[in-house]
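Okay, structure first, notes after.
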Amino acid sequence: MIIPKAGKLTEAQMIEVEHIVSEFKCSILEIEGHNQCVYAILGDETHSLMFKRIAGLSYVRKVDKIESPYKLMDRRSALSDHLIKIGNRVIGKDSPFIIGGPCTIDPSCPSLFLETAHALKEAGVDALRGGVWKPRTNPYSYQGHDKAIDIILQARDETHLPIDIEVMDSTNLKIALDVKVDILQVGTRNALNFSLLKEIGSCSAGTESAVLLKRGRHMASPDEFIAAAEYIVAKGNPNVLLCPRGTTPALDGYRNHPDESITPLIKGKTWAPVVVDPSHSVGHSDFVFSCSMASIAYGADGLCIESHIDPAKGIGDDPKQAITPDKMKRLISSCREIWNCRYLP
Ligand code: PEP
Ligand code: MN
């Protein structure tokens with residue numbers, strides 16, 4: 001990774017660097033960090049002569065060679081001070097970043113989503129979630145509809161809250177980017193869909209859209225999770241949030257095996273913020289509160305929680321998992337207390 005002395009390489013400097021790396025059959029990718037741009041060397045970058053030539057350029061501060069399967073996501077990377085901004089919040093600063101909203105938006109009843117959005121704004125959430133396109137296990141269950149996008153856009157207009165939508169394929173992605181969705185969610189089923197991760201990274205590079213990458217249900221180690229996120233960052237979008245959401249096999253009584261305790265292990269390895277999803281992890285509204293508190297205690301930067309004004313009228317996971325906005329309000333206040341008294345390494 002090349003770190004320039006100034007915030008960014010000029011066009012002429014970029015041409016010179018590209019010329020050098022192309023001699024070694026490599027290419028350069030600009031990644032826009034919070035304070036400065038860094039430049040990933042793509043290809044076989046083991047050539048020490050290439051490194052020496054780049055390091056010798058007057059405008060290059062340093063060329064980092066990080067021995068890691070995820071050299072951009074690694075804690076030691078030049079992106080380690082990268083801050084992710086969503087709406088008016090910087091993730092990881094001051095208090096937990098809370099994403100809330102229904103599992104699924106019901107296009108036949110927009111008022112349910114809109115009223116939920118307003119109630120959640122009142123409860124103190126920082127962003128709204130709502131499923132437009134849904135990855136359903138049963139092919140005959142409701143699969144989502146393009147029409148739902150207008151409803152969540154209306155909610156964004158009315159509440160001024162950023163929005164989080166899951167994208168499952170290139171068509172969803174294009175629509176979501178056209179309307180400048182603030183958080184592109186990658187669900188657990190696509191967590192290892194490397195072609196989709198690469199496409200999301202390249203199409204969202206240079207935009208304001210962040211990516212919430214859920215942990216794959218079968219994703220064993222923190223390394224595998226972080227390496228999946230590296231696909232997105234290595235295509236140009238460093239605004240990635242890592243989302244543990246429970247793994248399989250389930251712990252008897254929960255929907256999945258709750259995995260909020262993986263948070264400090266992830267944080268020891270990468271600079272990327274962790275936003276835990278307690279709703280899919282435990283799978284029952286009664287347990288969401290305690291799982292949220294535990295997540296914050298473990299060091300999570302935020303939470304993604306399913307919430308609905310009338311869960312029984314919801315679609316998908318809402319009847320079982322969603323908490324009401326008044327419970328969300330209490331949850332946010334308790335999580336802030338935990339946040340303020342936690343001791344992190
Ligand atoms: C969701 O957020 O509604 C969802 C389907 O999540 P996951 O991919 O974690 O199952
Ligand atoms: Mn859901």
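Every number for a ligand or one of its atoms is a count from 1 in the order of the listing. These numbers come from the heavy atoms of this one structure, side chains and all, not from hydrogens, waters or symmetry mates.
Not one N or O of D277 is nearer than 3.5 Å to an N or O of ligand 1, by distance alone. At least one N or O atom of R245 sits closer than 3.5 Å to an N or O atom of ligand 1.
When the heavy-atom distances from atom 3 (O) of ligand 1 to R189, K134, R215 are ranked, the shortest goes to K134.
The neighbour count for E32 CD, taken as heavy atoms of other residues, nucleotides or ligands under 6.0 Å away, does not exceed 12.
In this model, no donor atom of one side chain and acceptor atom of the other lie less than 3.5 Å apart for S27 and E18. Judged by distance alone, the side chains of H160 and N88 never bring a donor and an acceptor atom under 3.5 Å apart. Under the 3.5 Å distance criterion, with hydrogens and angles disregarded, no donor-acceptor pair is assigned to the side chains of T248 and N256.
Metal site remark for the Mn ion (ligand 2): D318 contributes no N, O or S atom at a distance under 2.8 Å.
Each of the following atoms of ligand 1 lies closer than 4.0 Å to a heavy atom of R129: 1 (C), 2 (O), 3 (O).
At the shortest separation from atom 6 (O) of ligand 1 among protein heavy atoms lies K214 NZ, 2.9 Å. Scanning all protein heavy atoms for the shortest distance to atom 5 (C) of ligand 1 gives E166 OE1, 3.8 Å. Closest to atom 4 (C) of ligand 1, if we only count protein heavy atoms, is H280 NE2, 3.4 Å. Looking only at heavy atoms of the protein, atom 8 (O) of ligand 1 is closest to T188 N, 2.8 Å.
Between the OD2 atom of D317 and the SG atom of C103, the angle centred on the Mn ion (ligand 2) amounts to 90° when rounded to 10°.
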